[in-house]
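Report on the structure given below.
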Amino acid sequence: MDIVKNNRMNSLFEFYAPLLTNKQYQYLQLYYGDDYSLGEIAEEFNVSRQAVYDNIRRTEHILEDYESKLHLLHNYELQNQKVDMLQAYLAQHYPNDYQLQDLIQQVVRVTENDEQSEEE
């Protein structure tokens with residue numbers, strides 16, 4: 001399985017999973033999250049391998065469509081990139097400004113807490 005695609009689908013899944021049907025959710029969770037094969041999923045749900053394949057491909061397109069309209073993953077990645085840039089700038093230009101360092105760390109902690117609450 002392509003690692004880049006796997007990572008992207010897992011990231012999209014984290015943002016948009018609540019918008020999926022139960023079957024779409026389960027198939028993607030097993031395929032991308034738990035690394036089940038199409039055959040294993042088909043056996044689990046007593047359907048054909050082709051039915052699982054079709055459902056997963058359709059759901060991938062749905063996730064990409066959500067992202068093209070809502071941009072949640074893109075905005076999240078952009079936000080993280082900007083925070084990283086802020087931290088680098090701070091370290092280079094204001095290494096002794098502990099109040100500013102603390103404020104940046106608070107932003108990072110909020111982002112990390114949001115990530116953890118999404119995983120639960």
Side-chain angles (χ1 to χ4, degrees):
M1 186 181 307
D2 181 12
I3 298 260
V4 172
K5 181 178 180 181
N6 191 5
N7 288 341
R8 179 162 176 82
M9 284 300 126
N10 278 318
S11 295
L12 291 173
F13 185 73
E14 285 186 39
F15 281 99
Y16 301 112
L19 303 175
L20 300 176
T21 67
N22 190 40
K23 186 188 291 186
Q24 290 169 331
Y25 179 93
Q26 290 176 327
Y27 282 14
L28 252 63
Q29 176 62 44
L30 290 172
Y31 188 70
Y32 284 109
D34 298 336
D35 201 29
Y36 275 46
S37 70
L38 296 174
E40 290 170 322
I41 298 169
E43 188 176 310
E44 179 88 17
F45 288 91
N46 201 26
V47 296
S48 72
R49 186 181 175 284
Q50 185 64 45
V52 172
Y53 176 83
D54 291 343
N55 186 292
I56 288 173
R57 294 299 165 251
R58 221 176 10 261
T59 305
E60 290 171 351
H61 290 294
I62 289 168
L63 291 176
E64 291 290 356
D65 188 50
Y66 288 152
E67 177 61 14
S68 73
K69 292 175 180 162
L70 300 172
H71 311 288
L72 296 179
L73 177 59
H74 173 77
N75 291 342
Y76 172 79
E77 290 171 339
L78 189 60
Q79 177 184 348
N80 282 341
Q81 181 184 24
K82 298 298 182 185
V83 168
D84 290 345
M85 290 170 65
L86 273 170
Q87 288 178 312
Y89 185 85
L90 173 65
Q92 183 177 7
H93 296 284
Y94 300 98
N96 298 322
D97 190 336
Y98 301 110
Q99 184 176 4
L100 187 54
Q101 289 177 10
D102 184 53
L103 289 170
I104 296 292
Q105 286 306 310
Q106 288 178 36
V107 170
V108 170
R109 280 193 293 275
V110 167
T111 303
E112 289 171 350
N113 288 340
D114 287 347
E115 288 175 11
Q116 289 175 354
S117 66
E118 287 175 2
E119 291 174 359
E120 295 172 353

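In what follows, residues are counted from 1 in the order of the sequence shown. Note that the structure is predicted; figures quoted are calculated from it, not measured.
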Checklist entry - Does the side chain of T59 come within less than 4.5 Å of K23's, by heavy atoms? => result no

Item to check | Distance in Å, N75 CG paired with N80 CG, rounded so as to fall on 0.5 Å steps | outcome: 11.0 Å

Item to check | side chain to side chain contact (heavy atoms under 4.5 Å, CB included) assessment of Y94 paired with Q101 | outcome: CA-CA 9 Å; Y94 300 98; Q101 289 177 10; over 6 Å; no

Checklist entry - With respect to E64, which candidate in R57, K5, K69, R8 satisfies the salt bridge (charged side-chain N to carboxylate O under 4.0 Å, His left out) definition? => result R8

Checklist entry - For N10 and N6, does a side-chain donor sit closer than 3.5 Å to a side-chain acceptor? => result yes

Item to check | Beyond-backbone contact of L30 with F45, side-chain heavy atoms, under 4.5 angstrom | outcome: yes

Item to check | CD1 on I104 to CD on Q87, rounded to 0.5 Å | outcome: 7.0 Å

Next on the checklist: If you define the side chain from C-beta out and look only at heavy atoms, does anything of L70 sit under 4.5 Å from Y16?
Outcome noted: yes

Checklist entry - For the hydrophobic clusters of this structure (ILVMFWY residues joined by side-chain heavy atoms under 4.5 Å, transitively), does one cluster hold both V108 and L103? => result no

Checklist entry - Of the non-hydrogen atoms in V52 and Y27, which two are nearest, and what is the gap between them? => result CA-CE2, 3.9 Å

Checklist entry - Measuring from N96:CG to L90:CG, what's the distance to the nearest 0.5 Å? => result 10.0 Å

Item to check | Nearest-0.5 Å distance, OG of residue S11 to CG of residue L63 | outcome: 11.0 Å

Next on the checklist: To check you understand the geometry: which heavy-atom pair defines the closest contact between G39 and R49, and what is its length?
Outcome noted: N-CG, 4.2 Å

Item to check | Neighbour count >12 (heavy atoms, 6.0 Å) for atom CD, E43 | outcome: no

Next on the checklist: Would you say that Q29 contacts Y36 through its side chain, given a criterion of any heavy-atom pair below 4.5 Å between the two side chains?
Outcome noted: no

Checklist entry - According to the interplanar angle, ranging from 0 to 90°, do the rings of H71 and H74 count as parallel (below 30°), tilted (30 to 60°) or perpendicular (above 60°)? => result perpendicular

Next on the checklist: Quick check: do Y53 and N55 have side-chain heavy atoms less than 4.5 Å from each other?
Outcome noted: no

Checklist entry - Just by distance, with hydrogens left out, do Q106 and D102 show a side-chain donor and acceptor under 3.5 Å apart? => result yes

Checklist entry - Is there side-chain contact between Q24 and R58, with at least one heavy-atom pair below 4.5 Å? => result no

Checklist entry - Would you find a donor on one side and an acceptor on the other, under 3.5 Å apart, between the side chain of E60 and the backbone of M9? => result no

Checklist entry - Got L38 and I56 here, is their nearest side-chain heavy-atom distance under 4.5 Å? => result yes

Checklist entry - Do the side chains of L12 and Y66 get nearer than 4.5 Å, heavy atoms only? => result no

Item to check | CD1-CG distance between I62 and L19, expressed to the nearest 0.5 angstrom | outcome: 10.0 Å

